[in-house]
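For reference, the structure discussed in these notes is given below.
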Amino acid sequence: MKKIKVLIVDDSAVVRKVLSRELESIPGITIVGTAPDPYVARGKIVRLKPDVVILDIEMPRMDGITFLHKLMQHYPLPVIVVSSLTEKGSVMAMDAFSAGAVDVVSKPGSAYSVGEMARDLARKIKTAATARVKEIPALQASLPAVTSKALSATTQKLIAIGASTGGTEAIRRVLTRLPRNAPGIVVVQHMPAQFTSSFAQRLDSLCRIRVAEARDGDSVLNGQALIAPGNFHMRLRRSGSRYYVQVVDGPRVHHQKPAVDILFDSVARYAGANALGIILTGMGADGAEGIRLMKEAGAYTIAQDEASCVVYGMPKEAVKTGCIDRSIDLDHIAQAAMNHLGAPAI
């Protein structure tokens with residue numbers, strides 16, 4: 001089996017040594033080189049042709065975000081950014097996603113050991129190696145909102161979205177197209193703890209709807225999207241006509257917390273035919289079982305098509321269940337959702 005070639009770019013010699021040792025011990029991965037900064041990395045990328053680059057953010061001579069922008073313009077390839085668990089680091093992580101990073105991994109902290117980080121990083125490397133790296137389009141928050149001829153019919157409706165690798169940009173491209181009075185939205189994006197707050201803040205600054213990181217007990221309201229916080233599951237509940245969310249701890253599902261299946265299962269139970277499910281780009285099968293349950297409960301279901309996915313894993317598994325109503329290009333999903341939800345009740 002061909003091994004995935006990885007180049008590590010980090011100004012810390014200790015980090016380069018530890019990551020090299022840990023990742024080399026994992027089957028299917030080989031470290032072809034390391035670099036202390038982007039200037040050294042540039043030559044090694046051309047010469048060694050790695051399949052995936054591991055990139056630190058704060059480095060001398062050139063920061064990782066600036067280098068990532070340049071790399072995606074001249075030599076695009078899958079990049080995973082490493083970041084510390086700080087507010088500054090989480091904001092930088094959002095900049096990294098916008099610049100074209102496939103994923104972000106937190107550096108080890110008090111609750112996150114080197115071994116756990118290496119295993120997490122190895123899974124992301126194997127996913128990144130299959131990713132379709134494309135030029136990141138310019139922000140399109142100024143695009144006209146999608147239209148609906150009967151949006152007043154959606155007051156009890158709800159949209160549930162699940163995504164993983166490549167999902168930060170995919171979610172942005174869906175949410176920025178929605179009108180201010182869109183139905184309430186609940187979102188699971190596979191993302192480390194403390195990054196989801198910055199992700200929600202970034203989306204809130206770009207969207208017509210309000211976007212926030214979910215808190216336990218938050219109501220699901222029209223014109224608002226709630227993002228599941230990293231390292232917690234999010235479930236939908238209903239009290240009378242009010243939808244709200246529970247933010248809970250629990251074991252990982254499909255190696256993920258939050259997990260899409262946890263959210264979708266609860267949406268099937270409490271929203272049923274009032275829900276619309278959307279499964280976006282990502283590796284693995286998370287969301288496939290949940291989308292099946294949603295469909296069986298009467299929900300309308302949409303999957304991102306293969307051509308527009310960074311990784312056609314989660315949508316593919318969802319399509320294989322036979323429970324997807326439409327599989328369409330990413331930039332048509334928002335309009336398709338509003339067309340369906342805005343249709344007069346039968």
Side-chain angles (χ1 to χ4, degrees), residues 91 94 97-98 137-163 167-189 191 196-215 217-229 234 236-245 247 263-264 267 270-280 294 299-302 304 308 326 328-345:
V91 171
M94 295 306 102
F97 280 123
S98 296
L139 293 180
Q140 298 177 329
S142 60
L143 285 174
V146 299
T147 58
S148 175
K149 295 179 180 179
L151 200 54
S152 60
T154 71
T155 53
Q156 296 301 314
K157 303 296 184 180
L158 178 142
I159 298 173
I161 300 175
T168 55
E169 284 300 296
I171 290 168
R172 177 187 67 78
R173 286 162 67 177
V174 172
L175 295 191
T176 53
R177 298 300 308 278
L178 294 177
R180 290 183 178 86
N181 59 341
I185 302 158
V186 284
V187 180
V188 164
Q189 161 69 43
M191 184 175 284
T196 44
S197 176
S198 294
F199 180 44
Q201 290 171 19
R202 176 71 58 88
L203 289 172
D204 189 59
S205 72
L206 298 172
C207 295
R208 295 171 181 85
I209 62 172
R210 300 182 303 278
V211 184
E213 184 181 51
R215 298 171 300 178
D218 277 352
S219 295
V220 180
L221 304 172
N222 287 355
Q224 177 174 282
L226 295 176
I227 309 292
M234 183 170 72
L236 182 73
R237 290 292 185 265
R238 186 167 186 167
S239 176
S241 62
R242 170 182 172 253
Y243 292 120
Y244 66 98
V245 295
V247 174
L263 174 64
F264 282 8
V267 171
Y270 290 95
N274 285 328
L276 185 148
I278 300 173
I279 191 88
L280 299 175
M294 286 182 63
Y300 189 77
T301 57
I302 296 174
Q304 184 178 349
S308 64
R326 293 192 67 185
I328 53 179
D329 179 84
L330 174 62
D331 287 326
H332 297 152
I333 287 176
Q335 185 68 69
M338 296 311 299
N339 285 349
H340 177 78
L341 293 172

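Here, residue 1 is the first one in the sequence, and each next residue gets the next number. If you're wondering where the values come from, they're calculated on a predicted model, not measured in any experiment.
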Nearest 0.5 Å, what's the CG-CD1 distance between Asn222 and Ile209? 10.5 Å
Quick check with a 6.0 Å cut-off and a 45 degree axis cone: is Arg238 positioned over the face of Tyr270's six-membered ring? no
Under the ring-ring contact (aromatic ring centres under 6.0 Å, His included) rule, collect the residues that match up with Tyr244, sequence neighbours excluded. none
Under the rule for side-chain hydrogen bond (donor to acceptor under 3.5 Å, both in side chains), what residues qualify as partners of Arg326, not counting sequence neighbours? none
I need the Leu276 CG to His340 NE2 distance, nearest 0.5 Å. 5.5 Å
Verify side-chain contact (heavy atoms from CB on, under 4.5 Å) between Ile159 and Leu341, making sure each step is shown before the conclusion. CA-CA 9 Å; Ile159 298 173; Leu341 293 172; 3.6 Å; yes
Say you draw a straight line from OG of Ser197 to CE of Met94; how long is it, rounded to the nearest 0.5 Å? 9.5 Å
Rounded to the nearest 0.5 Å, what's the gap from CZ on Arg177 to SG on Cys207? Could you check? 11.5 Å
Inter-residue atom distance Gln201.CD - Ile227.CD1, 0.5 Å rounding: 11.5 Å
Could you report the tightest heavy-atom contact between Ala200 and Glu213, atom names first, then the distance? CB-N, 3.5 Å
Test item: Leu158 and Val267 side chains (from C-beta on) under 4.5 Å apart, heavy atoms: yes
For side-chain contact (heavy atoms from CB on, under 4.5 Å), just list the numbers for Arg172 and Thr168, CA-CA rounded to whole Å, side-chain angles, deciding distance to a tenth of an Å, and then say yes or no. CA-CA 6 Å; Arg172 177 187 67 78; Thr168 55; over 6 Å; no
Under 3.5 Å, is there a donor on one side chain and an acceptor on the other for Arg202 and Ser98? yes
Contacts of Arg215 that satisfy side-chain hydrogen bond (donor to acceptor under 3.5 Å, both in side chains) - sequence neighbours left out: none
What's the separation between atom CD1 in Ile333 and atom CG in Leu178, rounded to the nearest 0.5 Å? 11.0 Å
For Ile171 and Gln189: C-alpha separation, side-chain torsions, deciding distance, then whether side-chain contact (heavy atoms from CB on, under 4.5 Å) applies. CA-CA 9 Å; Ile171 290 168; Gln189 161 69 43; 3.5 Å; yes
Is Arg210 salt-bridged to Asp204, going by a charged N under 4.0 Å from an acidic O? no
Yes or no on side-chain contact (heavy atoms from CB on, under 4.5 Å) for Phe199 and Val211, after CA distance, side-chain angles and deciding distance? CA-CA 9 Å; Phe199 180 44; Val211 184; over 6 Å; no
